[in-house]
Structures are given as C-alpha cells and as structure tokens.
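Working notes, beginning with the structure itself.
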Amino acid sequence: MVLTSSKEDPSFPVPSRLLGADAEVKDDNPKGYPRPTPHITSTDEYLTLWKESITQPDVFWSRMAKDLLSWSKPFTQTLAGTLDEGNVRWFADGELNACYNCVDRHALEDPSRVALIYEPDEPNATQRITYGELLADVCRLANVLTIDYGLRRGDTVAIYLPMIPAAVIAMLACARIGCPHTVIFAGFSAGSVADRIHDARSRVLITSNEGRRAGKVIPLKAIADTALESCPTVEHVLVYERSPVPDPLPAGVMTAGRDEFWSTALPRHRPYCPPVPMSAEDPLFLLYTSGSTGLPKGVLHTTGGYLLGAASTVKYVFDVHPGDRFGCTADVGWITGHTYIVYGPLSLGIATTLLESVPTYPTPARYWQLVEEAKLTHFYTAPTAIRSLIRLGEHWPFNSDLSSLRVLGSVGEPINPEAWYWYNDKVGREQCAIVDTYWQTETGSIIISPLPGVTHTKPGSATLPLWGIDVAVLDPQTGAELQGRDVTGVLAIRQPWPSMARSVWKDHARYLSTYLKPYPSYYFTGDGVSRDRDGYYWIRGRVDDVINVSGHRLSTSEIEAALNQHDHVAESAAVGTSDPVTGQCIFAFVTLKDDDVTEQPMAIEVKDLALKVRTMIGPFATPKCILIVQELPKTRSGKIVRRVLRKIVDGEADSLGDLSTVANPEIVPELIKVVGVSD
Ligand code: WT7
C-alpha cells in the first residue's frame, strides 16, 4: 500500500473533521454502544435551518458546501439558472474531485480507517478494506484507464459488476479522472446492457468473469460478450476475477486485443495518480432509469451538487458520526447504491457495507448476522425486503445482537405500518429511529424524511421536507397549487436543489419534457402525494406508467416492447397492481397474431412470453401473470386504455368509470372473466 502526501498534490486541501468532532458521547445506552448527541436536536432547530435553506439558499448551501466538501478551487457563485429554463447549476466556478473527497482526504487523515466492509455471497468471509488500500487500488485502476486505455476526461465508462469492492473502486477511479461512469445493474440481461452502453457511447467496459448470488453463478462476462456484439464503441474490457479462472483458459473467453484481466492490468501501475480537478458542474455519472415512455434515459448528475446532497443527507438524515458503520442493502447498480453505499458514506469518511448476497441466504438471519458481526450503526433497506423477512418469523432477527444499531432507514416505496412496526420492534428493539426516506434517481439524494430523534414519525409517512426542498402539491389537471393542509395532488418542487439531475444524457429535450415542462416553473416528481393536517407528506405512488417492483423501477412500455418481440404477439399491455411482498407486480395482457389463435396454445406461449421479458430486460422484470386475450380495450384512435385493465386487475371492475372513450366495451366482461380465473 502506498499513500500519498499532500505535498504531492498541493491543490487539494486536507480537511478538518467533517462530522462535528466535538459530538458529546452520552452514556445512556444500556447495551454499551456510544450514542452521540444528534447533529440536530429539536424541531425548532430543524425548522429554522429549513426556513433559511428556502429563503436564503445561497447562504445555507454555501455554508454546507464549505463545511462538508473539500474544494481545490473555492466557488464564488452558488445557484444560477432556473427550473423554468432548465439550466440549473450550483457552485459552477468551483472545482473539486469527488474521488478526492471520498478517499484521499480520509486516507490522509488515517489510512488504516475501514472504508469498505465487504460481505461476499459466501457466508463467514467478511473482508475489510481501509481508506489507504482503497486509495491505492483506485489510483492503479485510474492509471490503467488513462495510460493504457487512453481515456480522457469526459469519456464514459460502463460498469457491469456485482456487489464487490471492484465496483466501488471502478466508480471512484472514473470520478478521479473525470470520466462519467454508467453503472449497469448486474441483474440486467444482454439486451439491456447493450442499450445502455450504446446510448452512453462508452469506450471501456469494466465487468467480472462471474457474479454470485445466493450460491448461484451469474455468467456476467458471457452476458457482456453478447451485449458487446452490438456495441462497437467499446475498445477495452477489463475483467475482474470474482472467482478463480480456469487454467489454461478455454479459447474464446477473452477477446485478444480487447479484453484483459484486472489482476494483470492493475499491478502494472503505481498506486498513485493525481485527481483531476473538475468543475462542480462537470458530469459525475449517468444512471439509466425507466420513464413512462421509450427507452430508459441516462439521468445525468454533476459533481459538486450531487456530492453535497449525498454528504449532507448521510450526515443529517442518518445522523452519522465519526466511526459509524453504515449498512445499505441496495445494489450499486441503482441510485440508492450510488448515494448511500458509495458517495455519501465515503465522502464523510465512515465505513460502508457491500452486501453481495440476498437476505435469505444461507438463512433469513443473513442481514442480522452481518449487523452483529460488523457492528453496524445504520441499516438502510426497502420495505419489500422487510416484508419478505416478516413472513419467515421474528426469531431470525431475535437471535442476533443488534444493539449497535441507531438508525434504520426505509426507501423505495411507502412502508406499510405492519412492516414499519416490525422494523421498529424486532430489528430496532424500540431503541432506533426509523427514517422513511423519499427520493428518486433524479433527485440524487433524499428529499423528504424525518430526522432521527427530532421528527415525530407516523408510520407510512415520509414526514417533512429536507433542507432546500420546497414542496408543492399541485392539482394534476390544472397545475394550480393546492394550499393548506389536508390536500391530495401531485408532488412537485418549487426551487432547484443542489443534487437534482441536470439533464438526460444527450437528450436535454427529454429532461425538460419529463420533469420541467409538465408543470412550468416546478420540478415534477411523477408521484401522487397527500399533505395531512400536520403538514406531513404521504407518498401515494406513481401517477405515470412506471411500475415499482421490489424497488426496481420499470415502465409499462419497456415490458410491452419485450413481449412484442415474440413472434406470435400482436399487441401487449402491461399494468402494475399491488402485491403483498414486492409492493407492486406486473400483470400483462397479450393478443396473438390472427392465425396463432388455436384452441390450446396458452401454456406454452405464456412460458415463452415470460422468457422473452427475462432475456430482454432481466429476471426481476418478469410479469407475475401473463394473460392471452382476444382483444385489448382501445380508444377509437387505437390507443390501449390501460386504466380499464388496471381497474380489472385491482379487482375494481365494478367501478370502471366512464367507458365512453373505449371503442370496444363489449370485450370488458370477457377480460373480467379471464382475470378472475387467473386469481
Ligand atoms: C420512486 C423512485 C431513490 C429511491 C429508490 C428508488 C418511489 C422511493 C419512497 C418512499 C414512497 C417512494 C417513488 C419514487 N419511492 N422512496 N420512501 N415512499 N415512495 O429510486 O428507482 O428512482 O424510484 O420510488 O414512487 O418516484 P427510483
């Protein structure tokens, strides 16, 4: 391990402590773990700061940005641009490097401090990686990318890796050299990988020979090879050896001149490479996410504002203090992994966890044994995971020592009261704060959430807005603001905040039309919301054609496009309906091409159709039910009326509403019957 000294790179200041080093440690915890005094101690303090952040965003955010981040060139501007014009920028004349902020400054303070707690799929094999070790590997990889592969600032790098330290190293190495990364979730199939690499025009792909999940092997390199057949932009593929590679290597596994192993490439280089000073508004990454129409879009986040959102929310929403150990069960392929596994915890210099496995492997105690073993202070997961564990019994969390935990987070969908209480009672043992955190890929970091120990919580409500978030509830039809309490409408935001997405990769028009044009002067979230009599927010779910399955965001059109790829499919319509474990699940209706409608084709067809979705998108997108029907409800102009299908699968066929726009209402009774039989 080789460490740098600040002399080697004078432009980057060494930080003072970031986390309120003088935090007083109270000894009121019966189990003996320190319980630091929270950063925010009262509702009044929260309200005063929130008001300042809305009325004087410049003052508020400039103080936060100086306090939490290290700048190689200080900014003199704060916010510029408006939501109306879609040209928002923060701290635009300042310069910083996200990797320096997440690694170097902590390695300089204490190289032996733990940065990553890696919990491999195989149990009882936890590994710890220090900030010093992380810096060395990030630098080696950065050198491979620039010196060997010729990457220049602004080139994009695709990362298709499982939940292993190499994924974090790869993201940070890209950030270090100014190359926006696009992480592709390792559950995606070749078609989705290809779409993303193609759209991002990546010159380099970083992947691994295999992935492991619950003992199963996922052939990532083989999937990547299939994807790369249609990705001519990729010049180099770096392959991390997640598992031993056969010796001799069978022919065709590595493409000569294009592919090389991680263990060959990294040792060629010195473990230091200077971080490139980036403008605060330079892209840090793009992350593809589903919208209501078309192909997934590359949501673009920039360096300064995004990192500030990540750091400030980890500090205040989770009330993180020096020495804490953060455990977030998301995958780095999603925004939660970007912000709350990588950039947030590391920017504050605490330890973060990479969990490669699933909550039930080898037993449903996996999470809880990890909490005990790693003495996690924070645990952040999704309601769907909690619900799946509730079914398996409370003895699983009961048998582990969970007393190190202070804050439990929930994300991805509204948390139902049953899951909330189980989390609070069985995991938190009534000793932890629960934070139900609402946000999106596009918001970059949490925007509505309680503050631990400060906000009085109501199970199912994400409660109150965070700093800088100026929430408006709009009438969905007129766009008028619904004033006062006890109102329901769509959730919009009135003012720019630092970590908001700045654009859609190479399609700014789509950014404007999706987020900023639907309700001029507001950012539109796509979610329905109620504000109750106490001013608390309750998220009511998507108002567009986005389906949320186990926290995975999918659009009806993506699923339909996959189904329509089947030779026998004429048309399809996918809708979301509620599911007791996954939150929502997918219900698909399919019509077959005329000559295919024989007496009994159903059983075989349905399996093939499901397979189509699995191979085109990924196993997580597989519809729970696919029904072959004679006809779909349509308007006179031929548009499928999904609203009617949604009502039928929700069991609300008695309140279908106005059918006057449906050109073929006679098919509705048939659809009700078919859905009824499938239950
Ligand atoms: C959508 C964003 C960034 C979080 C992970 C998913 C839903 C997210 C909550 C919550 C109710 C929530 C919304 C949002 N959502 N958190 N605490 N309560 N709904 O990110 O894939 O961009 O999905 O997830 O519908 O719009 P994403």
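FYI, side chains are in, hydrogens and waters are out, and symmetry mates aren't considered; it's all heavy atoms of this structure. Sequential numbering from 1 along the given sequence is applied to the chain's residues. What you are looking at is a predicted structure, and each value in this text was computed from that prediction instead of being measured.
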Calculate, to the nearest 0.5 Å, the distance between atoms CG and CH2 belonging to Asp470 and Trp50 respectively. 5.5 Å
If only side-chain N and O atoms count, and only distance matters, is there a donor-acceptor pair under 3.5 Å linking Thr336 with Tyr380? no
Report the distance from atom CD1 of Ile54 to atom CZ of Phe60, rounding to the nearest 0.5 Å. 9.0 Å
Of all the heavy-atom pairs spanning Asp532 and Lys458, show the shortest one and how long it is. OD2-NZ, 2.7 Å
Test item: Asp436 and Ser461 side chains (from C-beta on) under 4.5 Å apart, heavy atoms: no
Value for CH2 (Trp71) from CD (Glu95), rounded to nearest 0.5 Å, stands at 10.0 Å
May I ask you to test the Tyr316-Leu49 pair for a side-chain heavy-atom distance under 4.5 Å? no
Verify the distance criterion only: is there a donor paired with an acceptor across the side chains of Ser290 and Ser555 at less than 3.5 Å? no
With rounding to the nearest 0.5 Å, note down the distance linking OG1 in Thr41 to CG in Leu451. 11.0 Å
Does Tyr537 have its ring centroid less than 6.0 Å away from the ring centroid of Tyr438? no
Over 60° means perpendicular and under 30° means parallel, so classify the ring planes of Tyr306 and Tyr343, tilted if in between. perpendicular
Non-neighbouring partners of Tyr536 that pass ring-ring contact (aromatic ring centres under 6.0 Å, His included), sequence neighbours left out: none
Distance alone, cut at 3.5 Å: any donor-acceptor contact between the side chains of Thr488 and Ser530? yes
Is a side-chain donor-acceptor pair under 3.5 Å present for Thr313 with Tyr340? yes
Measuring from atom CG of Asp58 to atom CZ of Phe91, what distance do you get when rounded to the nearest 0.5 angstrom? 9.0 Å
Measure up the His181 and His338 rings against each other and bin them: parallel (under 30°), tilted (30 to 60°), perpendicular (over 60°). tilted
Check whether the side chains of Thr443 and Gln440 place a donor and an acceptor atom closer than 3.5 Å, and report yes or no. no
Less than 4.5 Å apart, side chain to side chain, heavy atoms only: is that true for Leu308 and Met64? yes
Between Thr463 and Thr455, do the side chains contain a donor N or O and an acceptor N or O under 3.5 Å apart? no
Identify, with sequence neighbours excluded, every residue that meets ring-ring contact (aromatic ring centres under 6.0 Å, His included) alongside Tyr523. Trp497, Tyr515
Can you list every pair that meets salt bridge (Lys or Arg N to Asp or Glu O under 4.0 Å) and has a residue in residues 344-354, with sequence neighbours left out? none
Would you please classify the geometry between the Trp90 ring and the Trp61 ring as parallel, tilted or perpendicular, with 30° and 60° separating the classes? perpendicular
Do Glu481 and Tyr522 have side-chain atoms, one donor and one acceptor, less than 3.5 Å apart? yes
